[in-house]
Amino acid sequence: MSGRASCLTENPLGLSWHDSAWIPMLNPNNIMDYFSERSNPFYDRTCNNEIVKMQRLNPEQLKTFCSMEYILLHVQEPILYVIRKQNRHGPSNIQALNDYYIIAGIVYQAPDLLSVINSRLISAVHHLQSAFEEANSYSRYHPSKGYSWDLKERKVPERSTKKETQREETSSLFQRQRVDMLLGELTRKFPVPIAAPPQNKAPTGAPMNTFAWRKTLRNNNKRALQKLMRATSQDKI
């Protein structure tokens with residue numbers, strides 16, 4: 001208990017608590033019993049709620065006590081419940097201390113205004129410090145010229161090389177082998193039709209020997225060329 005209390009005093013905003021056995025059956029009637037579990041680090045057992053619970057009194061009698069108590073402030077079924085820790089000095093004199101919100105059965109402490117402002121200021125200062133450090137990295141000093149800005153030396157090439165390496169590794173070895181296998185199966189199932197080369201008919205009476213057929217074809221072409229040359233020479237005369 002002391003260790004849990006020490007953790008709560010150090011950083012209560014970073015803590016959370018839940019009991020898995022209660023979560024499926026949470027409702028506005030038992031949410032205060034769920035919050036008052038012994039393992040809950042946000043519940044103070046010296047509160048008036050514990051006195052009412054031990055003496056089995058009516059919860060409405062809390063208004064007659066003057067000390068610390070917990071009340072159910074807001075309900076948004078079935079997921080959100082808000083419980084307030086307050087100090088009662090009289091029937092109408094109440095001082096709010098902390099608010100706790102329960103979302104899906106998990107209990108958190110709501111941050112106060114000081115913690116919110118402090119967090120925002122720290123975040124703003126961090127970003128400003130980073131901006132000043134980056135701007136300072138571009139400043140240059142020369143004895144004859146003084147201070148100047150050199151915006152050329154940026155880390156763009158490193159980013160481009162990273163992008164290039166990422167582009168080169170667009171597919172893994174498994175993906176490439178898988179694609180090659182699929183393409184091979186498709187090629188075997190649906191072969192690409194190959195057009196047969198045109199075949200010249202052999203002259204009539206020529207033997208079926210390929211060598212002889214080619215020789216006869218060359219002689220015929222030679223004779224036709226000679227006749228064409230003779231006709232051209234006669235035309236010129």
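The residues of the chain are indexed from 1 along the displayed sequence.
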Considering non-hydrogen atoms only, spot the tightest contact between [X] and [Y] and give its length.
| X | Y | result |
| --- | --- | --- |
| Arg140 | Tyr138 | NH1-C, 3.6 Å |
| Tyr70 | Met32 | O-CE, 3.6 Å |
| Glu37 | Asp19 | OE1-OD2, 4.4 Å |

- Any donor-acceptor N/O pair, Ser123 side chain to Ser119 backbone, under 3.5 Å: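 Checking the backbone N and O of Ser119 against the side chain of Ser123, no donor-acceptor pair under 3.5 Å is found.
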- Query: Is there a donor-acceptor contact under 3.5 Å from the side chain of Tyr34 to the main chain of Gly105?
  - Reply: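 Such a contact is found between Tyr34 side chain and Gly105 backbone.
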Just how far is it from atom [atom1] of [X] to atom [atom2] of [Y], taken to the nearest 0.5 Å?
| X | Y | atom1 | atom2 | value |
| --- | --- | --- | --- | --- |
| Leu128 | His126 | CG | NE2 | 10.5 Å |
| Ser67 | Ile51 | OG | CD1 | 7.0 Å |
| Leu62 | Cys47 | CG | SG | 8.5 Å |
| Ile103 | Ser16 | CD1 | OG | 11.0 Å |

Give the other cluster members for [X], using side-chain heavy-atom distances under 4.5 Å between Ile, Leu, Val, Met, Phe, Trp and Tyr residues; answer none if it is isolated.
| X | result |
| --- | --- |
| Tyr147 | Tyr141 |
| Met54 | none |
| Leu113 | Ile117, Leu121 |

- Message: Measuring only between side-chain heavy atoms, which start at C-beta, is Gln109 closer than 4.5 Å to Asn98?
- Response: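 A side-chain contact exists here, since the closest heavy-atom pair is under 4.5 Å.
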- Item | Minimum side-chain heavy-atom gap Phe42-Leu15 below 4.5 Å |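 Yes, side chains in contact.
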By side chain to side chain contact (heavy atoms under 4.5 Å, CB included) - contacts of [X] (at least two apart):
| X | result |
| --- | --- |
| Thr46 | Asp44, Met68 |
| Val82 | Leu73, His74, Leu80, Tyr101 |
| Ile71 | Glu69, Arg84, Gln86 |
| Ser115 | Leu13, Pro111, Asp112 |

- Check step by step if side chain to side chain contact (heavy atoms under 4.5 Å, CB included) holds for Arg88 and Phe65. CA-CA 7 Å; Arg88 183 180 293 276; Phe65 291 88; 5.8 Å; no
- State whether a side-chain donor-acceptor pair under 3.5 Å links Asp33 with Ser36.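 No, because no side-chain N or O of Asp33 sits under 3.5 Å from a partner of the opposite role on Ser36.
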My understanding is that only residues two or more places apart in sequence, or in another chain, count here; which of them pass side chain to side chain donor-acceptor pair (under 3.5 Å) with [X]?
| X | value |
| --- | --- |
| Gln129 | Glu133 |
| His142 | Ser144 |
| Ser148 | none |
| Glu50 | Tyr43, Arg45 |

- Message: Please check if the number of heavy atoms outside Lys63 that lie under 6.0 Å from its NZ is greater than 12.
- Response: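 At most 12 heavy atoms, drawn from other residues, nucleotides or ligands, come within 6.0 Å of this atom.
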- Query: For the rings on Trp17 and Phe35, is their centre-to-centre separation under 6.0 Å?
  - Reply: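 Between Trp17 and Phe35, the centre distance exceeds or equals 6.0 Å.
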Donor-acceptor pairs under 3.5 angstrom involving side-chain atoms of residues 22-31: please list them, not counting sequence neighbours.
{"residue": "Asn27", "atom": "OD1", "partner": "Asn29", "partner atom": "N", "Å": "2.8"}
{"residue": "Asn27", "atom": "OD1", "partner": "Asn30", "partner atom": "N", "Å": "3.1"}
{"residue": "Asn27", "atom": "ND2", "partner": "Met25", "partner atom": "O", "Å": "3.2"}
{"residue": "Asn30", "atom": "OD1", "partner": "Asn27", "partner atom": "N", "Å": "2.8"}
{"residue": "Asn30", "atom": "ND2", "partner": "Met25", "partner atom": "O", "Å": "2.9"}

- Message: Could you walk me through whether Tyr108 and Asp99 satisfy the side chain to side chain contact (heavy atoms under 4.5 Å, CB included) test, starting with their C-alpha distance in whole Å, then the side-chain angles of each, then the deciding distance to 0.1 Å, before giving a yes or no?
- Response: CA-CA 9 Å; Tyr108 305 93; Asp99 288 337; over 6 Å; no
- Item | Hphob cluster co-occupancy, Ile106 + Ile102, side-chain heavy atoms under 4.5 angstrom |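 No, separate clusters.
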